[in-house]
Amino acid sequence: MLWGMKILVIGNGGREHAIVWRLARDAGGHTLFCAPGNAGTAALATNLPIGAEDLPAIVAWAKANRPDLTVVGPEAPLCAGLTDLLEAEGLRVFGPCREAARLEGSKAFSKEVMVAAGVPTARAEVFTDSASAIAALGGFGLPVVVKADGLAAGKGVIIAQTRAEAEAAIHDMLDGGRFGTAGAEVLIEEFLEGEEASVFALCDGERVALLPAAQDHKRVNDNDEGPNTGGMGAYTPAPIATPEVMEVVRTQVVLPTLRELRKRGIVYKGVLFCGLMIGPKGVRVLEFNCRFGDPETEVVLPSLESDLAPILLACAEGRLDPSAVRILPGAAVTVVMAAPGYPGNYPKGLPISGTEAAEAAGCTVFHAGTALKEGRLVTSGGRVLTVTARGENLRAAVDAAYAGISHIRFEGAHFRRDIAAKAFRHL
Ligand code: AMP
Ligand code: GLY
């Protein structure tokens, strides 16, 4: 048992609030810092006025303050090598090194590793010139998927229904400079049918512990209509991810990937987020991310029975005991409340009320885009907050989350009313 660690969490979203919140519930009591954090983390940690991508400032703070562990939330600092910089100072980090983070930072690298490791995934080819990419389209049928290689804030994937759309996407990325260097290479990929699920694999380079699968809801409106967002809600466990599916993820996806990376001298420590398509062809990996998902973290971490810090530290130190990762029975649901206009333009500074009442009703409110203005809680982002509830089953968790959300108000707030509805088809 570990007591009272000093822990630095990097990031400022609902995901980071959920990480800080779960760390704050560990036995013993840690001293928590969050850079930069938000109005939610401020209640549990000391927020530091340091941006998540300001690597020199983070390293300077860590050198001066020597945290026992740093937990990195978002992908950008991981892909930029924050872990490498902190480890060079003899500090422990939960989050992969720069080379390992390329599993998210480069879809071409990720695909190449998956193929070498024998991981089930969509067939794809990589191109740097548009003429060759367009010539290859015939081999893929329709719809076809066109992906920018690098980080594109979730916008680099085009599902083309027609050949003309596919050609336009290829021209945009390779000739038009859309997504800049992130689009200097493109993947043409086979379209997969099925239902998506997210699985977080805690890794220490060699060993793995899977957390229960979750499902995100990416479209802004009910019935998966309207434009894509950063995620409008999530639930766990996802019944589509049966025990058989989870065993495939462990033995055919995560373990072979870690082995293939080790062969290349790369040790993957942190969470390997497996974005899966589960369909008629079985389990296929759509993408790897090198960090926890948002909003999936806001349901998965509240479902963790074990203390979180000892698990994350064990991953960082290469001595994870998967049997130490225990999960609570029951289910969890989170519903995101968004600002008017999101995912398009939205106003900021709208006063928020009712979060205490939602918590009094048994929910947990995780802040994403909030701020304190003259002591009042106001909106400061598109996804403003998310309301999580646990229950003995999914139905109870859904009802509790929506009962909680009914207390919260801000002008023009909108949220989906069908989070987890899809799951009941499988139950
Ligand atoms: P990615 O960033 O690679 O996960 O892609 C973003 C989203 O595009 C995924 O969550 C899927 O909804 C969709 N997508 C990506 N690749 C494929 C594929 N090969 N077939 C069908 N849908 C896909
Ligand atoms: N919820 C999907 C992501 O975090 O990328």
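Both backbone and side-chain heavy atoms feed into the values below; hydrogens, waters and symmetry mates do not. Throughout, residue positions are numbered sequentially from 1 according to the sequence presented. For ligands, and for the atoms within them, numbers begin at 1 and follow the listed sequence.
Within the structure, ligand 1 lacks R284 among the residues with a heavy atom less than 4.0 angstrom away. At least one heavy atom of K107 sits less than 4.0 Å from an atom of ligand 1.
Of all atoms in ligand 2, listed by their number and element, those nearer than 4.0 Å to a heavy atom of G293 are 4 (O). Close contacts between ligand 1 and K218 involve ligand atoms 10 (O) [criterion: under 4.0 Å to a heavy atom]. Against a heavy-atom cut-off of under 4.0 Å, D216 is close to the following atoms of ligand 2: 1 (N), 2 (C). Those atoms of ligand 1 that come under 4.0 Å of a heavy atom in F191, given as number and element, are 20 (N), 21 (C).
Among L286, N228, N289, L192, the residue whose heavy atom sits closest to atom 20 (N) of ligand 1 is L192. In this comparison of K147, E287, R123, E193, the heavy atom closest to atom 15 (C) of ligand 1 sits on K147. Remark: among candidates V145, I159, V157, the nearest residue to atom 5 (O) of ligand 1 is V157, based on non-hydrogen atoms. Of the candidates E287, R291, E75, R15, the one placing a heavy atom closest to atom 4 (O) of ligand 2 is R291.
At least one donor-acceptor pair under 3.5 Å links the side chain of T334 to the backbone N or O of V387.
Distance check: T297 OG1 to R291 CZ gives 8.5 Å after rounding to the nearest 0.5 Å.
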Evaluation steps, side-chain hydrogen bond (donor to acceptor under 3.5 Å, both in side chains), between S198 and D216: CA-CA 8 Å; S198 307; D216 187 5; 6.0 Å; no
Derivation and outcome, salt bridge (Lys or Arg N to Asp or Glu O under 4.0 Å), residues E190 and R284: CA-CA 11 Å; E190 165 198 12; R284 294 281 182 279; 6.0 Å; no
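In terms of N/O distances under 3.5 Å, ligand 2 is approached by E296.
Seen from the ring of Y402, R417 does not count as a face-on cation partner, given the 6.0 Å and 45° thresholds. Cation-pi check for R123 over F140 is met; the charged atom lies under 6.0 angstrom from the ring centroid and within 45 degrees of its normal.
Taking the six-membered ring where the residue is Trp, F94 and F292 present parallel rings, their angle staying beneath 30° rather than reaching 60°.
None of E185, E287, E125 except one satisfies the salt bridge (charged side-chain N to carboxylate O under 4.0 Å, His left out) rule with K107; the exception is E287.
Distance from atom 10 (O) of ligand 1 to its nearest protein heavy atom, with residue and atom name: E196 OE1, 2.7 Å.
The part of F273 lying near ligand 2 is the side chain, judged by heavy-atom distances below 4.0 Å.
Ion pairing of D224 with R416 is present here, as a side-chain N (NZ or NE/NH1/NH2) and a carboxylate O approach within less than 4.0 Å.
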